[in-house]
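One structure is given here, and the rest of the page talks about it.
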Amino acid sequence: MFPEYDVIVVGAGHAGCEAAHAAAKMGSKVLLATMNMNTIAQMSCNPAMGGVAKGQIVREIDALGGMSGIISDKSTIQFRMLNKSKGPAMWSPRSQNDRMKFAEEWRLALEQTPNVDFWQEMIRELVVKDGRVTGVKTGMGIEIAAKAVVLTNGTFLNGVIHIGEKQFGGGRTAEKAATGITEQLVSLGFEAGRMKTGTPPRIDGRSLDYSRMEEQKGDEDPAGFSYLTTNKLQQQRSCYITYTNQEVHETLQTGFDRSPMFNGRIKGLGPRYCPSIEDKINRFAERDRHQIFVEPEGWSTVEIYVNGFSTSLPEDVQYKALRKITGFENAKMFRPGYAIEYDFFPPTQLNLTLETKQIQNLYFAGQINGTTGYEEAACQGLVAGINAHNKVHEKEEFILKRSDAYIGVLIDDLINKGTEEPYRMFTSRAEFRILLRQDNADLRLTEFGHKLGLASDQRMEKMLDKKNDVKRLLNDLKQKKVEPDTINAGLEDLNTATIREKASVIQLLKRPQIGIPELMKLDGELAAYLTKYPQEVLEQAEIQIKYDSYIDKEQKLAERLDGLENYRIPEDFDYSKITALSAEAKQKLNKMKPATIGQASRISGVSPADISIVMIYLGR
């Protein structure tokens with residue numbers, strides 16, 4: 001009935017979609033198995049992509065040739081660049097999306113990708129022979145052969161949904177849980193754990209009073225995620241901001257005795273940075289209000305996502321508390337919020353390619369690895385799909401370093417440090433965040449994607465045009481000088497020092513008060529020249545000029561640390577033979593089996609002294 005596939009991807013969430021698309025586009029014959037074809041690429045939680053650090057990840061996926069950026073742009077209803085008041089290392093793109101259109105666009109994209117087949121059924125078991133995965137077995141007992149398997153099960157592995165004192169099996173509301181795989185993997189020697197996440201109630205937008213809330217509009221000149229997107233967003237929908245109050249908190253507290261989080265029924269660890277509303281008012285009892293973002297779920301639907309009000313309290317308590325929020329006095333609930341517990345596998349059991357250490361050709365991506373968020377899942381799916389394809393076609397493994405991308409930071413963190421709570425990406429996790437900006441993801445990564453056969457020739461040409469334009473512009477600006485008579489009046493208006501003699505444009509641009517837009521207003525001749533360049537080229541040149549010394553310093557540090565990544569450690573190296581190592585270092589290093597000295601240095605519990613000893617022992 002089925003041919004042998006190169007790669008089978010189990011699960012069609014954000015990780016599964018990126019994995020299937022990547023492996024198929026690179027030339028593998030792919031089967032995407034999902035329990036429900038109608039929920040491919042479902043936005044299970046909030047209808048949005050990007051945000052702080054997450055937006056950088058979406059840009060990186062796009063630069064490599066993935067689809068998340070393109071799909072987001074096709075379904076965006078509002079776009080904002082966050083943190084514009086801060087330095088460019090912190091700028092983070094975020095889109096509000098049409099939930100139904102996002103899923104529809106992903107499904108259409110996959111259906112139009114040659115080499116992708118679909119199968120709707122639960123995968124209950126892996127077929128494993130001699131330490132290598134050779135296929136999967138479905139709930140109906142059908143065995144499908146494959147050279148590699150990527151598991152992207154999301155919250156479905158033994159998922160349990162909690163609403164107050166009620167609990168029932170499910171991977172999402174109205175969808176059944178997946179069973180069998182956890183038990184099999186544990187029997188094969190894997191360590192498993194439980195995690196928890198949650199979602200807020202959904203509300204009928206027609207029942208809300210927006211006049212009592214603060215309107216939050218999109219950017220006046222909205223950009224987008226994809227470097228290929230040329231159609232600007234012409235129309236946007238507003239979001240709104242309101243707040244909880246003391247009365248809301250008191251109402252919520254009446255349900256604490258029936259809360260699964262407080263009475264011990266939920267055992268899994270929840271996300272530290274996206275806590276439930278009951279957790280917030282319990283942990284931050286001194287605060288008299290918490291912010292609520294009122295987010296539309298699409299262009300035409302009236303359904304509203306109440307961001308900031310995730311909860312598993314009884315539905316009657318949810319309803320009463322919601323109606324005490326400003327603007328929600330007459331709110332009608334479509335469905336209550338809930339918490340969900342699910343199985344995950346500590347990611348220290350993986351290699352940097354996301355292949356498992358115990359079973360060859362088996363890859364994990366997404367929430368199965370203990371992460372949270374669409375973007376974190378999608379980038380793991382992309383990397384797992386690339387490496388699954390490369391492994392079965394005997395090609396080089398694909399690993400991004402911490403200095404290459406936020407994707408590299410995320411995977412390195414997971415593999416070397418593990419996670420005991422749902423992992424979320426932040427700019428603070430990246431030590432090279434001045435290098436890893438959202439504006440230069442194409443310059444950093446498109447060449448990688450093109451060599452892999454994932455990023456198209458069009459992407460490569462566009463990136464090279466941008467790179468050459470920036471280089472040309474920087475060279476020209478180094479030569480250009482401006483006269484005092486031309487710009488001094490304008491400099492005074494900007495509250496910055498006037499000049500006494502001809503000054504370099506580069507030196508002026510290093511001033512915090514002056515950017516390229518200000519410079520164009522000061523000098524008409526210069527403005528006429530600069531308008532020949534696209535906005536992204538002007539922005540890139542300005543960032544490189546203003547932050548030149550910081551970029552150079554970080555680049556040199558990254559190059560020095562990269563030297564440690566080139567010191568390979570034999571796979572069968574036995575650290576217990578090194579008597580000078582601490583007991584903890586021996587235990588951690590033997591368990592983790594780091595591939596390089598660099599990787600070993602980032603393992604929790606391994607000190608710089610331990611690293612020095614290992615390097616001496618290896619003759620380094």
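Along the sequence shown, the residues carry numbers beginning at 1.
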Side-chain contact, heavy-atom cut-off 4.5 Å: [X] with [Y]?
X      : Y      : value
Glu542 : Leu538 : no
Thr419 : Thr371 : no
Leu382 : Glu60  : no
Tyr374 : Met49  : yes
Pro594 : Tyr575 : yes
Val10  : Val149 : yes
Val409 : Leu400 : no
Gln367 : Tyr342 : yes

Under 4.0 Å between a Lys/Arg side-chain N and an Asp/Glu carboxylate O for [X] and [Y]?
X      : Y      : value
Lys546 : Glu539 : no
Arg459 : Asp442 : no
Asp465 : Lys462 : no
Asp412 : Arg602 : yes
Arg424 : Glu376 : no

TODO: Could you check Glu355 against Asn387 for side-chain contact (heavy atoms from CB on, under 4.5 Å), going step by step and ending with a plain yes or no?
DONE: CA-CA 8 Å; Glu355 182 183 20; Asn387 279 309; over 6 Å; no
Open item on the list: side chain to side chain donor-acceptor pair (under 3.5 Å) for Ser276 and Asp279? Distances and angles first, verdict last.
Closed with: CA-CA 5 Å; Ser276 64; Asp279 196 17; 5.0 Å; no
Point-to-point distance, once rounded to the nearest 0.5 Å, from [atom1] of [X] to [atom2] of [Y]:
X      : Y      : atom1 : atom2 : result
Lys478 : Ile506 : NZ    : CD1   : 6.5 Å
Asn153 : Phe344 : CG    : CZ    : 14.0 Å
Leu561 : Ser403 : CG    : OG    : 8.0 Å
Ile543 : Tyr550 : CD1   : OH    : 14.5 Å
Met592 : Leu350 : CE    : CG    : 9.5 Å

Any side-chain donor near an acceptor of the partner, [X] and [Y], under 3.5 Å:
X      : Y      : answer
Asn416 : Gln599 : yes
Gln236 : Arg80  : no
Arg568 : Thr596 : no
Ser226 : Asp62  : yes
Glu18  : Ser68  : yes
Gln78  : Ser95  : no
Asn369 : Gln380 : yes
Asp552 : Ser549 : no

TODO: Evaluate the criterion salt bridge (charged side-chain N to carboxylate O under 4.0 Å, His left out) for residue pair Lys401 and Glu565; output intermediate values, then yes/no.
DONE: CA-CA 9 Å; Lys401 300 192 296 291; Glu565 305 301 333; over 6 Å; no
Enclosure of [X] [atom1] (heavy-atom neighbours >12, cutoff 6.0 Å):
X      : atom1 : value
Glu420 : CD    : no
Lys467 : NZ    : no
Gln544 : CD    : yes
Phe426 : CZ    : yes

Open item on the list: One pair to check against salt bridge (charged side-chain N to carboxylate O under 4.0 Å, His left out): Arg94 and Glu295. What are the steps and the verdict?
Closed with: CA-CA 13 Å; Arg94 183 188 189 273; Glu295 301 177 347; 3.2 Å; yes
Is the terminal nitrogen or CZ of [X] (NZ for Lys, CZ for Arg) located under 6.0 angstrom from the six-membered ring centre of [Y] and within 45° of that ring's axis?
X      : Y      : value
Lys84  : Trp91  : yes
Arg59  : Tyr227 : yes
Lys553 : Tyr547 : no
Arg472 : Tyr533 : no

TODO: Begin from the C-alpha positions of Gln555 and Arg560 and carry the test side chain to side chain donor-acceptor pair (under 3.5 Å) through to its verdict.
DONE: CA-CA 9 Å; Gln555 190 68 56; Arg560 281 207 305 275; over 6 Å; no
Shortest non-hydrogen contact from [X] to [Y]?
X      : Y      : answer
Ala455 : Ala63  : CB-O, 4.1 Å
Lys395 : His389 : NZ-NE2, 4.0 Å
Asn97  : Ser75  : ND2-OG, 3.0 Å
Thr113 : Ala24  : CG2-CB, 3.9 Å
Phe102 : Ser72  : CE1-OG, 3.8 Å
Ala541 : Leu473 : CB-CD2, 3.6 Å

Task: Criterion side-chain contact (heavy atoms from CB on, under 4.5 Å) against Tyr363, the qualifying member of Ile368, Asn351, Thr353 - done: Thr353
Open item on the list: Which residue is it: Asp439, Leu436, Thr427? I am looking for the one with a side-chain contact (heavy atoms from CB on, under 4.5 Å) to Gln56.
Closed with: Thr427
Open item on the list: Quick check against the 3.5 Å criterion: does Ser601 have a side-chain atom that pairs as donor or acceptor with the backbone of Gly598?
Closed with: yes
TODO: Over 60° means perpendicular and under 30° means parallel, so classify the ring planes of Phe190 and Phe345, tilted if in between.
DONE: perpendicular
Open item on the list: Using side-chain contact (heavy atoms from CB on, under 4.5 Å), reason through Lys510 and Asp548 one step at a time and then give a plain yes or no.
Closed with: CA-CA 9 Å; Lys510 286 183 180 288; Asp548 177 54; 4.0 Å; yes
Task: From CA spacing to verdict: side-chain contact (heavy atoms from CB on, under 4.5 Å), Leu414, Tyr423 - done: CA-CA 8 Å; Leu414 292 175; Tyr423 178 100; 4.0 Å; yes
